[in-house]
2 protein chains.
Amino acid sequence: MLSKKTKYGLKALAFLANQNDRHPIAIAEIADHENISQKFLESILLSLRRTGYLGSKKGKGGGYYLIKDPSEIPMTTVMRALEGPIAMVSCVSLNFYEKCEDCPDEQSCAVHKLMLKVRDSALDVYRNTTLADLIIQVPYSQ
Amino acid sequence: MLSKKTKYGLKALAFLANQNDRHPIAIAEIADHENISQKFLESILLSLRRTGYLGSKKGKGGGYYLIKDPSEIPMTTVMRALEGPIAMVSCVSLNFYEKCEDCPDEQSCAVHKLMLKVRDSALDVYRNTTLADLIIQVPYSQ
DNA sequence: TGAAAACCTACTAAAACTATAGGGTAAATA
DNA sequence: TATTTACCCTATAGTTTTAGTAGGTTTTCA
């Protein structure tokens with residue numbers, strides 16, 4: 001199941017992408033519009049900022065804004081920042097690889113074989129989907 | 001992350017598929033071979049039995065065995081029995097659909113749009129992968 | 001200088017997951 | 001009839017994750 005953190009993070013990004021211009025929008029405004037606890041959203045936006053696609057400005061009139069065009073923001077980065085590894089087991093993770101302590105041989109492991117396929121297909125989706133795809137109605141996307 | 005229940009379940013199925021014949025194998029033997037707590041495996045095999053692909057026999061010489069050929073056992077059924085819904089949010093689930101209570105409109109929801117794609121790609125993998133694919137070394141599967 | 005807003009740390013309540021344990025019932029075999 | 005093994009139920013303890021909450025610090029603008 002997708003965590004609320006990821007849900008909220010995606011909704012917040014979509015909200016920012018839907019703005020006409022790129023002026024800063026306060027956390028409070030986003031939280032209010034998307035029905036998210038402000039404090040919770042605060043921590044979410046903070047982790048999204050580390051992707052480099054989200055900028056912030058402090059003080060009066062400050063807030064968060066997209067640094068790049070939505071079409072240049074791939075879901076791979078966003079999902080890794082929000083949900084963590086895309087792989088369902090660490091032994092097939094590209095960025096967070098770790099050997100399973102109980103598995104003697106990865107090559108012959110059924111779990112490994114299956115999860116490798118699942119990871120590849122998920123990666124394919126995330127790499128080919130940008131924030132722009134999530135807000136514009138495309139009749140026959142793909 | 002994949003639960004241990006699913007990991008163990010897949011390993012147990014693969015172990016059964018690797019047998020020469022289809023005679024019953026006791027839980028204790030599977031648990032021992034795959035390093036799984038016997039009681040835990042017991043409950044896992046029970047839920048797998050409900051898929052109709054796994055048979056059991058009580059009494060002396062009893063145990064679990066595959067009812068169908070591994071090539072006829074699709075991962076869709078297995079994963080649903082072990083992990084539950086394939087979709088990451090209930091609003092895109094085929095078998096467990098439920099409307100998100102906080103989302104006013106699915107059509108315009110960014111989370112919905114993205115997770116629909118992810119579900120489709122995962123389904124594609126599970127539908128086209130059978131238990132046989134997880135045990136036999138196929139050079140260029142797909 | 002004061003207000004507004006992001007930033008940062010720490011804490012917490014609840015839920016889920018993992019694994020084990022115990023107990024008993026039902027069915028099959030010898 | 002005795003043994004073996006699956007079936008089924010409950011409980012529990014420990015750990016981790018989730019979804020926040022609280023409170024203070026820093027930066028920026030007017």
Flag side-chain contact, heavy atom, 4.5 Å: [X] against [Y]:
{"X": "B/D120", "Y": "B/D124", "answer": "no"}
{"X": "A/V78", "Y": "A/L13", "answer": "yes"}
{"X": "B/I30", "Y": "B/I25", "answer": "yes"}
{"X": "B/V89", "Y": "B/H112", "answer": "no"}
{"X": "B/L41", "Y": "B/L45", "answer": "yes"}
{"X": "A/M75", "Y": "A/T130", "answer": "no"}

- [ ] For DNA chain C, note the earliest and the latest nucleotide, 5' to 3', having some atom under 4.0 Å of a heavy atom belonging to chain A.
- [x] C/dA4 to C/dC8

TODO: Indicate yes or no for a side-chain donor-acceptor contact from B/K99 to the backbone of B/C103 under 3.5 Å, with no hydrogens or angles considered.
DONE: yes

TODO: Could you tell me the separation between the CD atom of B/E72 and the CD1 atom of B/I67, rounded to the nearest 0.5 Å?
DONE: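 B/E72 CD to B/I67 CD1: 12.0 Å, rounded to 0.5 Å.
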
TODO: Calculate, to the nearest 0.5 Å, the distance between atoms OH and CZ belonging to B/Y126 and B/R80 respectively.
DONE: 10.5 Å

Task: Where at least one partner belongs to residues 18-39 of chain A, residue pairs that pass side-chain hydrogen bond (donor to acceptor under 3.5 Å, both in side chains), sequence neighbours excluded - done: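 Of all non-adjacent pairs touching residues 18-39 of chain A, those that pass side-chain hydrogen bond (donor to acceptor under 3.5 Å, both in side chains) are A/D21-A/H23.
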
Task: Qualifying side-chain hydrogen bond (donor to acceptor under 3.5 Å, both in side chains) pairs, either residue in residues 1-15 of chain A, two or more places apart - done: A/S3-A/T6, A/S3-A/E83, A/T6-A/E83

Just list the side-chain donor-acceptor pairs under 3.5 Å for residues 90-98 of chain A, sequence neighbours left out, or say none.
{"from": "A/S90", "atom 1": "OG", "to": "A/E98", "atom 2": "O", "distance (Å)": "3.3"}
{"from": "A/S93", "atom 1": "OG", "to": "A/F96", "atom 2": "N", "distance (Å)": "2.9"}
{"from": "A/Y97", "atom 1": "OH", "to": "A/E106", "atom 2": "OE2", "distance (Å)": "2.6"}

Tabulate protein N/O versus nucleotide N/O from nucleotides 26-30 of chain D, keeping only pairs under 3.5 Å, one per line.
{"from": "D/dC29", "atom 1": "OP1", "to": "A/K57", "atom 2": "NZ", "distance (Å)": "3.3"}

TODO: Quick one: list whatever passes side chain to side chain contact (heavy atoms under 4.5 Å, CB included) with A/D105, sequence neighbours left out.
DONE: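 In terms of side chain to side chain contact (heavy atoms under 4.5 Å, CB included), with neighbours along the sequence ignored, A/D105 is linked to A/Q107, A/S108.
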
Task: Those residues that, when tested against B/S121, pass side chain to side chain contact (heavy atoms under 4.5 Å, CB included) (two or more places apart) - done: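 For B/S121, the residues satisfying side chain to side chain contact (heavy atoms under 4.5 Å, CB included) (neighbours in sequence not counted) are A/S121, A/V125.
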
Validation: residues 46-66 of chain A side-chain donor-acceptor distances under 3.5 Å, sequence neighbours left out:
{"from": "A/S47", "atom 1": "OG", "to": "A/S43", "atom 2": "O", "distance (Å)": "3.4"}
{"from": "A/S47", "atom 1": "OG", "to": "A/I44", "atom 2": "O", "distance (Å)": "2.8"}
{"from": "A/T51", "atom 1": "OG1", "to": "A/L48", "atom 2": "O", "distance (Å)": "2.6"}
{"from": "A/T51", "atom 1": "OG1", "to": "A/Y53", "atom 2": "N", "distance (Å)": "3.2"}

Task: Within residues 37-44 of chain A: residues closer than 4.0 Å to DNA chain C (heavy atoms) - done: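 Nucleic-acid contacts, sorted: A/K39, A/E42.
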
TODO: Give, ordered by number, those residues of residues 84-100 of chain A having at least one heavy-atom distance below 4.0 Å to an atom of DNA chain C; if nothing qualifies, reply none.
DONE: none

Open item on the list: Rounded to whole Å, please give me the gap between CG in A/L82 and P in D/dT18.
Closed with: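 Computing the A/L82:CG to D/dT18:P distance gives 12 Å.
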
Task: Consecutive-pair stems (at least three Watson-Crick or G-U pairs, under 3.5 Å) that include DNA chain D - done: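 The stems are C:1-30 with D:1-30.
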
TODO: Could you check A/L2 against A/M79 for side chain to side chain contact (heavy atoms under 4.5 Å, CB included), going step by step and ending with a plain yes or no?
DONE: CA-CA 10 Å; A/L2 205 68; A/M79 288 302 288; 4.1 Å; yes

- [ ] Could you list by number each residue of residues 2-27 of chain A showing a heavy-atom separation from DNA chain D of less than 4.0 Å, or answer none if no residue does?
- [x]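 Contacting residues: A/S3, A/K4, A/K5, A/Y8.
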
- [ ] Evaluate the criterion side chain to side chain contact (heavy atoms under 4.5 Å, CB included) for residue pair A/D133 and B/K113; output intermediate values, then yes/no.
- [x] CA-CA 8 Å; A/D133 297 318; B/K113 272 205 183 74; over 6 Å; no

